[in-house]
Amino acid sequence: RQYDLKRHSCAVVLPHNSYSHFTLNKPNIPHAEIRQSLPWVAQERLESMSYHTPALDSCLASELLEGKEHNKIHVFVTEESHVRSCVANVNASGLKVDMVTVHELAATSFISNWSQDALVAYVDMPSNEASSLILVLNGQFVAYKKLPTINLDATVDLQRDQFNLFWAEMARYINYYLGCLSQKYPLKFYMSGEAWQNLQQSGLF
């Protein structure tokens, strides 16, 4: 109402805690058929999860990756009723839902222009959830990884240990995926989230 957005179109981005993400080896079928075949391709993994009526989506690993990462497919799964509920709530507000997506793919689209000829490490540090790292190159999703938490209410020594572990894990992931690329790319960092704002103000940073 404040911005007069009624009847405008929008995208719903599901929060991390409402879906699961895992990788599989790419099936030996045409790319155009992979999405339709997801329930069969991911059946073994889905059987170990608690989704009653899973809704699935996927994206192929970046074509710029080499080695075993080149053959990966990223699968995202959530409960279909949850998606329907989210869409219904947004529609009830007067907006029109054009698409439903997940955090990783929304972030990839958001920072696409920043990632031309550079590997972007997008670090999200919310105050109430685990931090995460999303890697994007030339507008293509490369990887998503969870990062250790930094508790700024802990003792100084504990904060320092958590801070060192946080950066060590992030460096390990980044170096791994840089090693999967056929050429060298410059690295860019983009940080966001409430915890990041607090971290900037602390002596650790």
Side-chain angles (χ1 to χ4, degrees), residues 10-27 31 34-35 37-39 41-42 45-46 49 51 54-80 82-83 85-87 90 97-116 118-149 166 169-181 185 187-196:
C10 69
V12 173
V13 181
L14 300 177
H16 278 306
N17 59 10
S18 68
Y19 62 90
S20 301
H21 163 248
F22 55 88
T23 59
L24 297 171
N25 288 326
K26 193 188 309 178
H31 289 180
I34 288 180
R35 293 180 96 182
S37 304
L38 272 181
V41 172
R45 294 293 296 269
L46 291 175
M49 296 179 169
Y51 295 103
L56 296 114
D57 201 357
S58 68
C59 69
L60 297 175
S62 169
E63 60 189 24
L64 301 170
L65 292 171
E66 297 186 333
K68 64 179 183 179
E69 294 299 330
H70 178 75
N71 197 42
K72 295 292 185 183
I73 177 173
H74 294 269
V75 180
F76 306 94
V77 55
T78 187
E79 191 64 53
E80 183 177 322
H82 173 69
V83 177
S85 175
C86 289
V87 171
V90 175
V97 177
D98 273 355
M99 64 177 295
V100 179
T101 186
V102 293
H103 187 184
E104 293 88 333
L105 301 184
T108 298
S109 177
F110 179 66
I111 62 180
S112 175
N113 290 339
W114 302 341
S115 67
Q116 298 307 309
L119 182 66
V120 171
Y122 178 82
V123 184
D124 183 26
M125 300 182 67
S127 59
N128 57 348
E129 294 180 33
S131 299
S132 60
L133 169 69
I134 297 173
L135 297 175
V136 181
L137 175 62
N138 283 352
Q140 298 178 13
F141 173 69
V142 173
Y144 162 77
K145 298 292 181 181
K146 288 185 177 180
L147 295 172
T149 300
F166 175 88
E169 281 292 279
M170 184 158 60
R172 183 170 69 86
Y173 291 134
I174 290 172
N175 284 329
Y176 172 77
Y177 283 98
L178 282 173
C180 295
L181 298 170
Y185 289 91
L187 183 64
K188 295 181 182 179
F189 284 93
Y190 288 91
M191 321 289 279
S192 71
E194 299 92 336
W196 167 246

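Just so we're clear, the structure is a prediction, and the values are computed from it rather than from any experiment. In this chain, residues are counted from 1 in sequence order.
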What are the two closest heavy atoms between [X] and [Y], and how far apart are they?
X	Y	result
Leu137	Leu119	CD1-N, 3.8 Å
Ser115	Val136	OG-CG1, 3.6 Å
Phe166	Pro148	CD1-O, 3.2 Å
Gly139	Ser112	CA-OG, 3.5 Å
Leu46	Pro39	CD1-O, 4.3 Å
Arg35	Ser58	CG-OG, 4.0 Å

Exercise. For Glu194, enumerate each residue passing the salt bridge (charged side-chain N to carboxylate O under 4.0 Å, His left out) test, keeping only those at least two apart in sequence or located in another chain.
Key: none
Practice problem: Would you please name every residue forming a salt bridge (charged side-chain N to carboxylate O under 4.0 Å, His left out) with Arg45, sequence neighbours left out? | Solution: none
[X] vs [Y] side-chain heavy atoms within contact, under 4.5 Å:
X	Y	value
Ile73	Leu38	yes
Met125	Leu147	no
Val142	Leu64	no

Exercise. Mind checking ring pair (Phe, Tyr, Trp, His ring centres under 6.0 Å) for Phe110 and listing every partner two or more places apart, or none if nothing turns up?
Key: Trp114
Self-check item: Residue list, ring pair (Phe, Tyr, Trp, His ring centres under 6.0 Å) with His21, at least two apart or on another chain
Solution: His74, Phe76, Tyr144
Quiz item: For residues 169-179, which residue pairs qualify under salt bridge (Lys or Arg N to Asp or Glu O under 4.0 Å), counting only residues two or more places apart or in two chains?
Solution: Glu169-Arg172
Please list every donor-acceptor pair under 3.5 Å in which a side-chain atom of residues 102-109 meets a protein atom from a residue at least two apart or in another chain.
{"from": "His103", "atom 1": "ND1", "to": "His16", "atom 2": "NE2", "distance (Å)": "2.6"}
{"from": "Glu104", "atom 1": "OE1", "to": "Tyr19", "atom 2": "OH", "distance (Å)": "2.5"}
{"from": "Thr108", "atom 1": "OG1", "to": "Glu104", "atom 2": "O", "distance (Å)": "2.8"}

Quiz item: Do Gln116 and Asn138 pass the side chain to side chain contact (heavy atoms under 4.5 Å, CB included) test, and can you show the C-alpha distance, the side-chain angles, and the key distance before you say yes or no?
Solution: CA-CA 4 Å; Gln116 298 307 309; Asn138 283 352; 4.0 Å; yes
Side chain to side chain contact (heavy atoms under 4.5 Å, CB included) involving [X] - partner list, sequence neighbours excluded:
X	result
Glu69	Leu65, Lys72, Tyr176, Tyr177, Cys180
Glu79	Tyr51, His52, Thr53, Ser81, His82
Glu63	Gln140
Ser85	Asn89

Could you grab the distance from atom [atom1] of [X] to atom [atom2] of [Y], nearest 0.5 Å is fine?
X	Y	atom1	atom2	result
Ile134	Tyr190	CD1	OH	14.5 Å
Tyr173	Lys145	OH	NZ	5.5 Å
Phe141	Leu60	CZ	CG	12.0 Å

Quiz item: Considering residues, nucleotides and ligands other than Asn17, do more than 12 of their heavy atoms fall under 6.0 Å from its CG?
Solution: yes
Quiz item: Just wondering, are more than 12 heavy atoms of other shown residues or ligands nearer than 6.0 Å to NZ in Lys146?
Solution: no
Self-check item: Residues which pass side chain to side chain donor-acceptor pair (under 3.5 Å) with Asn71, listed by chain and number, not counting sequence neighbours
Solution: none
Quiz item: Please walk me through it: do Val41 and Ile34 pass side chain to side chain contact (heavy atoms under 4.5 Å, CB included)?
Solution: CA-CA 8 Å; Val41 172; Ile34 288 180; 5.8 Å; no
